[in-house]
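What follows is a set of notes on a single structure, which appears directly below.
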Amino acid sequence: MSITISGLTKRFGQTEVLRGIELGVDRGELVALLGPSGSGKTTLLKIIAGLEWPDAGRLSVEGEDWLQLAAQDRRIGFVFQHYALFPHMRVRDNIGFGLSVRPRAARPGKAAIAAKVDELLHFLQIAHLANRYPTQLSGGQRQRVALGRALAIEPRVLLLDEPFGALDAAIRRDLRRWLRGVHDATGSTTIFVTHDQEEAFELADRVVVMGAGRIEQIGHADAIHDHPASPFVARFMGATVELPVTLHAGRAEGAGLDLSALPRRALPDGAANLFVRPQDITPIPDAAAPWRIASRSSTGAHLRLVVRAPDGAEAEADLPRRAVNAEALDPGAPVRLRIEAGTIFPAERRAALPVVTPISLKLESSR
Amino acid sequence: MTAIDASPGAPHGAPIRAKRVLPGFTLSLGTTLLYLTLIVLIPVIALILKGAEMGPERFWRIVTSARAVAAFQITLTAAVIATIFNALYGLLMAWVLVRYEFPGKRILDALMDVPFALPTAVAGLSLTALFSANGWFGAILHPAGIPVVYTIWGIALAMAFTSVPFVVRTVQPVLEDMDPALEQAAVTLGARPWTIFTRVVFPAILPAWLAGCTTAFARSLGEFGAIVFIAGNLPFRTEIAALLAFIRLEEFDYNGAAAIALVLLAFALVLLLVSNLLQFWASRYREASR
């Protein structure tokens, strides 16, 4: 089912949670809403589900206005972050719940429900769990049951809120592949929310990056990685080093910076900010350069260097420990920084975007 | 010397005693058990011994005497009425207190404890004043042919008043702890409000509700102070078992008092057992957890 969202806004008291969302999702597409906590992604998902209501805007599915429909009538499958399985029902009854609560006229017979449940149990590879209670299941198993319960009503749209958030890494990878398989087999339009970039990029056809109630960028992994549309996305995607540069005829210049690897940018002359990933910075010993190595630590495979300029500016650089001239990079050594890749945004744009907060930096480093 | 050898260890073979995180286990458990023995166990045993003293025949004669049987019947009937009322009203009250926000909610919540805090005699007096033929409510009910004071309805009323907090206070926390996502999940699956209540919410609070109702029932069986004022205490009509035991005691008929008290005790123990079994059954899906 194709979904069209336009001009969607929502505030909780003083906080604007959504500030004008425009988004289209095609039939059968698998879309990820990616963003740090507080970016409004879960609220957007709940509005699509009918569990929250926007203050303004439109939401239509296959041309039908969904804001006129109660959640019960939308026929969506919603998988909750902590699964929300009914604790007093066995797995079988959890999965059959959606069918058994239909109005009498539309309700399938007991045998039909049981058959449907059996089919799903096999499809989701959890047939042996049919008679267990949710408390007797592991996290991954609960996740499968939650998905089964959502799929049982043959939802027009499948929505998942941080579907793998509460699972450990290995199970998460397995389930991710499994979910992709389920999606391909059912062909349902699917939207899921995550704060995990790897998850979003591996699983989704398209990724919607959200920050502070706005959609910052929509695209595929490579495009978002290489060409972030805003400083927010750049930071969120790991370009945590921000260097002030000066633009001159499309070329960036900065004291002690070797920016020749960067392509020309069609930006006006003047002050700008360069966003770089620590891995894309190569310090090169240079007695005339203003940068000094402030500290050096090793993770075994990688060296992490902190370099500092006389004006106090700091940057981090990651490089392989066995790199050429790595031994020469001792604290106090003067270096220039060769930037292998990065994104430039005009400096004033930052001021115009108060929504870009260091929160994304913290999230980034905690991953 | 490796690091392991260098560590100052206990002599070989000596068992290592794990240190408890919280000290004073022996002392606190001992005090509790002693207190429990003095205040609960010894009086109960004394009562049973007193009952045993008179022999089964005498015991049977006392508890099956017409007056005693009538008292038990009245007590049980009134307690059942009061408990049915409390089960419904207490559930509704807990629901209102948890689910809605309204001005004065905190006050209402605090008022729920009044029956606990109020001396039962005071409760009995005020209920009698309200429901007697010239009281505020009695003035309406009495002409309408519904006498409350000096009838079994009065007894049930007094019982209901003193025991309603048991239901409210056991259901309330469970309702508060319910994950809102459960109901949201039911909504997305197409369930209507009433279905959500009967199939999702109610099963979750059922164990607590049953426990609250059983405690309220047990409390009703034993209520004394509030009832004696409103009941009129007519033998065979409005005389409750606890009062009969009291009357026997006043008459220095210790055996008669003990026999009736023993029956009440048996009721209480059976109820306690039933309450626990019900809870165990209703939360069977939790037992297996993790």
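Reminder, nothing fancy here: chain letters follow the sequence lines and each chain counts from 1. Model, not experiment: these values are computed from the prediction.
In this structure, chain B has heavy atoms under 4.5 Å from both the backbone and the side chain of I76(A). If you measure heavy-atom distances from L85(A) to chain B, the contacts under 4.5 Å come from the backbone alone. If you measure heavy-atom distances from T188(B) to chain A, the contacts under 4.5 Å come from both the backbone and the side chain.
Here the closest non-hydrogen pair linking L182(B) and F86(A) is O-CE2, 3.4 Å. P193(B) and Q72(A) make their closest contact through CD-NE2, 4.1 Å (heavy atoms, listed as atom of the first residue, atom of the second, distance). Looking at every heavy atom in both residues, R149(A) comes nearest to A185(B) through NH2-CB, 3.4 Å. Minimum interatomic distance between V187(B) and A71(A) (heavy atoms only, all atoms of both residues): CG1-CB, 3.4 Å.
Interface summary for chain B: among A150(A), P155(A), A84(A), the most heavy-atom pairs under 4.5 angstrom belong to A84(A). Comparing T195(B), V200(B), D179(B) by how many heavy-atom pairs each has under 4.5 Å with chain A, the most go to V200(B).
By the neighbour-count criterion of 12 heavy atoms within 6.0 Å, atom NZ of K105(B) is densely surrounded, having more than that number from other residues, nucleotides or ligands. Residue H128(A) places its NE2 atom among more than 12 non-hydrogen atoms of other residues, nucleotides or ligands, all under 6.0 Å distant. Residue Y89(B) qualifies as open at atom OH: its count of foreign heavy atoms under 6.0 Å is 12 or below. Counting heavy-atom neighbours within 6.0 Å of R99(B) CZ, excluding the residue itself, gives a total above 12. Counting heavy-atom neighbours within 6.0 Å of I107(B) CD1, excluding the residue itself, gives a total of 12 or less. Within 6.0 Å of atom CZ in R192(B), more than 12 heavy atoms from other residues, nucleotides or ligands are found, so the atom counts as buried in its surroundings. Remark: W153(B) CH2 is loosely packed, at most 12 non-hydrogen atoms of other residues, nucleotides or ligands lying under 6.0 Å away. The environment of OH in Y35(B) is sparse: at most 12 heavy-atom neighbours from other residues, nucleotides or ligands sit within 6.0 Å.
Interatomic distance, F78(A) CZ to Q184(B) CD, rounded to the nearest 0.5 Å: 7.5 Å.
Side-chain contact check for R199(B) and S100(A): at least one donor-acceptor pair (N or O, by modelled atom type) lies under 3.5 Å.
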